[in-house]
*Asks:* 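This is the structure I have questions about; it appears just below.
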There are 2 protein chains.
Amino acid sequence: MINQEFASQLLEDAVTELSRLPGIGRKTALRLALHILRADENRGVRLGQSIIDMRRGVRYCNSCHNISETDICPICANPSRDNRTICVVETVKDVMSFENTGQFNGLYHVLGGVIAPMDGIGPDSLEIASLVDRVATGDIDEVILALSATMEGETTNFYIYRKLAPFNDVKITQLARGVSVGNEIEYTDEITLGRSLLNRTLFVDSIKR
Amino acid sequence: MINQEFASQLLEDAVTELSRLPGIGRKTALRLALHILRADENRGVRLGQSIIDMRRGVRYCNSCHNISETDICPICANPSRDNRTICVVETVKDVMSFENTGQFNGLYHVLGGVIAPMDGIGPDSLEIASLVDRVATGDIDEVILALSATMEGETTNFYIYRKLAPFNDVKITQLARGVSVGNEIEYTDEITLGRSLLNRTLFVDSIKR
C-alpha cells in the first residue's frame, strides 16, 4: 500500500498513469517509475515521447482496419499480395501472428473482436458491415474465417457466413481444427480429436511441407 | 516472437522503448502498446507526458538524496520533524515504506544501495561520505541503520559504524531483528530466533502499543 504523500507530485502522476495499464498495479507502477528515474534522462524522455507519437500517429487502415500510419495500410497497398483473398481476424495482434507464419499472402480484415452478447458486443460493434461491403465489390474470391475456436468465435463465424451467403461465387473457409502441433493426444480434448479425425489429411502432404 | 515488420514504425518504436522497462518483455510491451492504442487518445498522451515530466522534473534532495522537486525535499524542509535523528536507508522506496509505518518523525539519508563488491558497488558509489558530513555538523543525536538484514546490509552497517565511531556523542542504532509479524515460529530461521530471544522485550510494552 502506498497511501502516503509521495515525495513528488510528478512521480505520483506518472505512477497513477502507469498503473492504468493492464496488469500493472500501483506497486509495479512505482517500481517502473523509479527505474525510469534511475536510468538516463534521455531514455525516459524517449519512452514518453514514443508513447505520445504512437498514440497521435497511429490510425486504422480504411480498408482492413489494421493499424496503419496511412489511410491504407502497407499490407493492403502491397501490389504483390493476393487482393482477392481476405483473412478475417479478431484483432491487430492476430494480423501480426498470421504474418509471422509466412504462410499467407492475401489481405486481412480486422473485426475488432467477436460477437459476445454477455460483454455487450453485438455485430454492430464489429467491422462486419465493412467486410460485407468489401465482398460486395465482387473482387473477392475467398474469405477465410480465422477467429478463435470458442463459442463466441463460432457464433461470429456463423453470423458472417450468413451475411456472405448471398455472394454465391465467394468461397468461405475457416481455419483447420485439429491437434495443436507439439500437443500430446492424451491431453487433447475429445471434440478436437473428433474434428481432427474427420478432417484427416494425406500423410504424404505433411512430408512435402 | 514478433520479428515481422510491424504495420507501423511508431508502434514498433513504442514497443521497443516499453520493452526496456524491467520485467517487460517484447510480448508484454506489444500488449501494453495495443492497449494504449485502443484507449482514449488523451489518456495515452497523458501517460507519455507524465513520464517525460517526471523524468525532467524530479531531482534528488541535496541533503538526504531522496527524490524531490526542489533542492531540499519536503521531509528535510519540514520544521515539525526531528532533525537530530537520521534514518539511513538503501533506496527511495525504503523512505516511502518507513513513512507508511507512521512510526518515524526524523529525517532520512538514502545511500543508493549497499556495499556489494561482487556487483562492483564500493563505499564510494554510495552516499556514505555525505552522511558523515551531515553527522560531522554536530547537529545529529542518533543515526538509525535501517538496511537490509543481508550479508551486504550488515557489511554496510559495519562500514558506516566505523566511519561514525569518531563522533562519540552520536548514538548509532539499528532496526530490531526478530520474528516478522504474522510469521510462524516453525518457519522462522534459527538465527532470527536466536536474535529474537536475546533481544526479547517486556510483554507489557507490546500491550501498550
Side-chain angles (χ1 to χ4, degrees), chain A residues 1-18 20-24 28 30-39 41-59 61 66-69 73-75 91-93 95-97 99-100 102, chain B residues 1-18 20-24 28 30-39 41-59 61 66-69 73-75 91-93 95-97 99-100 102:
Chain A
M1 272 202 317
I2 305 141
N3 42 18
Q4 56 119 184
E5 28 151 355
F6 275 68
S8 151
Q9 185 63 42
L10 294 172
L11 173 64
E12 178 158 11
D13 291 347
V15 168
T16 301
E17 295 299 334
L18 283 167
R20 287 193 218 276
L21 293 172
I24 296 192
T28 305
L30 176 60
R31 194 166 56 82
L32 295 179
L34 292 177
H35 172 89
I36 294 167
L37 283 176
R38 270 196 308 272
E41 174 165 337
N42 284 336
R43 184 176 283 186
V45 171
R46 214 159 53 218
L47 167 63
Q49 197 60 50
S50 72
I51 292 173
I52 294 174
D53 291 346
M54 173 188 74
R55 192 59 194 81
R56 288 209 171 122
V58 170
R59 289 180 289 159
C61 173
N66 188 14
I67 49 170
S68 175
E69 293 173 23
C73 78
I75 293 175
T91 67
V92 165
K93 217 164 171 175
V95 173
M96 295 185 188
S97 300
E99 283 297 281
N100 281 340
Chain B
M1 272 207 313
I2 306 139
N3 43 16
Q4 56 118 187
E5 26 152 355
F6 274 70
S8 151
Q9 185 62 42
L10 294 172
L11 173 64
E12 178 159 11
D13 291 347
V15 168
T16 301
E17 295 298 334
L18 282 167
R20 285 192 219 276
L21 292 172
I24 296 191
T28 306
L30 176 60
R31 195 166 54 82
L32 295 179
L34 292 176
H35 171 88
I36 293 167
L37 283 176
R38 270 196 308 273
E41 174 165 338
N42 285 335
R43 184 176 283 187
V45 172
R46 215 159 54 220
L47 167 63
Q49 198 59 51
S50 71
I51 292 173
I52 294 174
D53 291 345
M54 172 188 75
R55 192 59 193 84
R56 288 207 171 123
V58 169
R59 288 181 290 158
C61 173
N66 188 15
I67 49 170
S68 175
E69 293 174 22
C73 78
I75 293 175
T91 67
V92 165
K93 216 165 174 175
V95 172
M96 295 183 186
S97 300
E99 283 297 281
N100 281 339

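Values in this document were obtained by computation on a predicted structure and should not be read as measured data. All values below were derived from every heavy atom in this structure, side-chain atoms included, with hydrogens, water molecules and symmetry-related copies excluded. Each chain gets a letter, A, B and so on, in the order the sequences are listed, and its residues count up from 1.
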*Asks:* Go through A/E69, A/R31, A/H35 and name the one with the most non-hydrogen pairs under 4.5 angstrom from chain B.
*Replies:* A/E69
*Asks:* Just how far is it from atom CG of B/D53 to atom CD of A/Q9, taken to the nearest 0.5 Å?
*Replies:* 11.5 Å
*Asks:* To the closest 0.5 Å, what do you measure between CG (B/L11) and OG (A/S68)?
*Replies:* 11.5 Å
*Asks:* To the closest 0.5 Å, what do you measure between CZ (B/R38) and CD1 (A/I67)?
*Replies:* 11.0 Å
*Asks:* Find out whether A/T91 and B/L34 are in side-chain contact, i.e. whether some heavy atom of one side chain is under 4.5 Å from a heavy atom of the other.
*Replies:* no
*Asks:* Please classify the contact of A/A39 with chain B as side chain, backbone, both or neither, using a heavy-atom distance under 4.5 Å.
*Replies:* backbone
*Asks:* What part of B/V45 is in contact with chain A, defined as an atom under 4.5 angstrom from a non-hydrogen atom: side chain, backbone, both or neither?
*Replies:* both
*Asks:* Which heavy atom in B/A14 sits nearest to a heavy atom in A/S50, and how many Å separate them?
*Replies:* CA-OG, 3.6 Å
*Asks:* Roughly how far apart are B/I52 CD1 and A/I51 CD1, rounded to 0.5 Å?
*Replies:* 8.5 Å
*Asks:* Name the member of B/I24, B/T28, B/L47, B/T16 that forms the most heavy-atom pairs with chain A at distances under 4.5 Å.
*Replies:* B/L47
*Asks:* With side chains defined as the heavy atoms from C-beta onward, is the minimum distance between B/L30 and A/M96 less than 4.5 Å?
*Replies:* yes
*Asks:* Is there side-chain contact between B/M54 and A/E17, with heavy atoms separated by less than 4.5 Å?
*Replies:* no
*Asks:* Given a strict heavy-atom distance threshold of 4.5 Å, which part of A/L37 is in contact with chain B: side chain, backbone, both, or neither?
*Replies:* both
*Asks:* Counting heavy-atom pairs closer than 4.5 Å to chain B, which one of A/V92, A/D13, A/L32 comes out on top?
*Replies:* A/L32
*Asks:* If you count heavy-atom pairs within less than 4.5 Å of chain B, which of A/P22, A/G44, A/C73, A/G57 leads?
*Replies:* A/P22
*Asks:* Identify which part of A/N66 has an atom lying under 4.5 Å from any heavy atom of chain B, answering side chain, backbone, both or neither.
*Replies:* side chain
*Asks:* Using 0.5 Å steps for rounding, measure from the CZ atom of A/R55 to the CG atom of B/L10.
*Replies:* 12.0 Å
